[in-house]
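Both ligands and their constituent atoms are indexed starting at 1 by order of listing. The first residue in the sequence is number 1, and the count goes up from there.
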Amino acid sequence: MEIKLRKVNSVSGIIEVPGDKSITHRSIMLSSLADGNSVVRNYLLSDDCSRTIEAFRKMGVEIKSDKTSLYIKGTGLKLTDPMCKNYDIYAGNSGTTARLLSGILSGQDFEAIITGDESLSIRPMQRIIDPLLKMGADIKSKGGLLPLLINGRKTLKAINYKNERSTAQVKSAVLLAGLYADGPTTYSESVKSRDHSERMLKTFGVNVSVKGNSVTIYPTDKLVAQDLTIPGDISSAAFFIAAAVIVPNSNLIIRGVGINPTRSGLIEVLKLMGANINLVNIREISYEPVCDIVVKYSRLKAINIDASFIPRMIDEIPIFALIAAQSEGVTRVSGAEELRVKEVDRIGAIVSQFEKLGIQIKACEDGFLINGYSKLNITGTVLNSFKDHRLAMTLAIASLIANGETVIKDSDCVNISFPDFYEVLKSICN
Ligand code: S3P
């Protein structure tokens, strides 16, 4: 599928974005492992989250849903062998499903295989295999890639693991495996990655202690079922924040967005660049901070972003690159080598498509240099999303300030994280 979009005069209105993807995955996983019935409200109904739902259904968990809520009848920490029905657990495009599930499967009483789509099948899995093997897990892979054959162990060994890389997926895989360990497991990282797992494990009654960038989880035999509400996804809100900031005369309110400090790097950076952005009505839902974001067109100054910022805005780098292209001065992004192993090589993909639009951008191994105040004056550009949802949405926002009509190929990949993206976008364009 392809979509055609045109330059707009302004964006305005009051909108909401769907539930947070990371938090939805975790809520399905922990509710499935809990004793009793959980409700997950405002969950993200998207392709990635459906992969996690299907995985747990395959392992004996009853999950019912309506448009806004999931009703999950947890089976306790030990799931049912999926071999009884169908051997593979298909993670599709979802790194979070594959990696977090590996931690859980390492502590089960059965063997399972995790597979994925073309993109996920070339993404690195050794990063979860290494710590899980240290915990005594039995995992076989195809040279550190999917498919993973995981032969569950009754008990795992508690470990103390230090990771130089900041990654919530690896941290979460280890913490989830830690539920099945023979003692407390500690995971430390140099820069703190998103902490939704730690927060939610505590909510489900698990003893988790956090000291700086170290987390210790104490094994348990029971998770307590919960009634949770998922905040709006800041990574989805980011596209509309960007639209409001770069399209002249814009004024937008985005309601109910999660602003967990381990996720809100883009807002921090925009404030430093001089953006007219305000967080109002700050509150907490299900132990996550939430607010309404009021954002207006702004004249921004370039900034340098390094490894100390990257983890709290890792998924927002594509849209940030577009914002940087509309700011005064040269922006440098470094320490973002992780972008090379996302759904696609996001550094290469951004640079190739931005150049087509007339943006002056240069790739580096771990980021890029972007020349500000780029005029997107090339008419009738045909852009490739490479089936990467975040790139497709970034290019859609770019088309709002590009000359003429812009065509985006494989535009339907937004279904991975934000199925209604184009409808919401249309509703704010003037
Ligand atoms: C995620 C963690 C991040 C992020 C991904 C979702 C998660 O990946 O990029 O979109 O839900 O834990 P890494 O852990 O690989 O940094």
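- When heavy-atom distances to ligand 1 are checked against a 4.0 Å cut-off, Thr96 comes that close only through its side chain, counted from C-beta outward.
- Checked against a 3.5 angstrom limit, the closest N/O atoms of Ser172 and ligand 1 fall outside it.
- Remark: distances from the non-hydrogen atoms of Arg194 to ligand 1 include one below 4.0 Å.
- At a 4.0 Å heavy-atom cut-off, ligand 1 does not touch His25 at all.
- Other residues, nucleotides and ligands place more than 12 heavy atoms under 6.0 Å from the NZ atom of Lys202.
- A donor-acceptor contact shorter than 3.5 Å links the side chain of Arg57 to the backbone of Ile63.
- Checking each of Arg390, Arg194, Lys21, Arg263 against Asp233 for a salt bridge (Lys or Arg N to Asp or Glu O under 4.0 Å) leaves exactly one that passes, namely Arg263.
- Distance from atom 12 (O) of ligand 1 to its nearest protein heavy atom, with residue and atom name: Arg26 NH2, 2.6 Å.
- Taking a 6.0 Å sphere around CD of Glu164, one finds it holds 12 or fewer heavy atoms contributed by other residues, nucleotides or ligands.
- In this structure, the protein non-hydrogen atom closest to atom 10 (O) of ligand 1 is Asp315 OD2, 2.8 Å.
- Listed for the Thr167 side chain is a donor-acceptor partner under 3.5 Å among the backbone atoms of Val170.
- Protein heavy atom in closest approach to atom 16 (O) of ligand 1: Lys342 NZ, 3.6 Å.
- Those atoms of ligand 1 that come under 4.0 Å of a heavy atom in Ile314, given as number and element, are 9 (O).
- In this structure, atom 11 (O) of ligand 1 lies nearest to the protein heavy atom Ser22 OG, 2.7 Å.
- Here the heavy atom of the protein found nearest to atom 1 (C) of ligand 1 is Gln169 NE2, 3.5 Å.
- Taking every non-hydrogen atom of Ala168 and a distance limit under 4.0 Å, the qualifying atoms of ligand 1 come out as 12 (O), 14 (O).
- The shell of residues lying under 4.0 angstrom from ligand 1, judged by heavy atoms, excludes Lys171.
- For the 3.5 Å distance criterion, the side chains of Ser193 and Lys171 qualify, holding a donor opposite an acceptor.
- A side-chain N or O of Asn260 and one of Glu288 form a donor-acceptor pair less than 3.5 Å apart.
- For the residue pair Ser417 and His389, a side-chain donor N or O sits within less than 3.5 Å of a side-chain acceptor on the partner.
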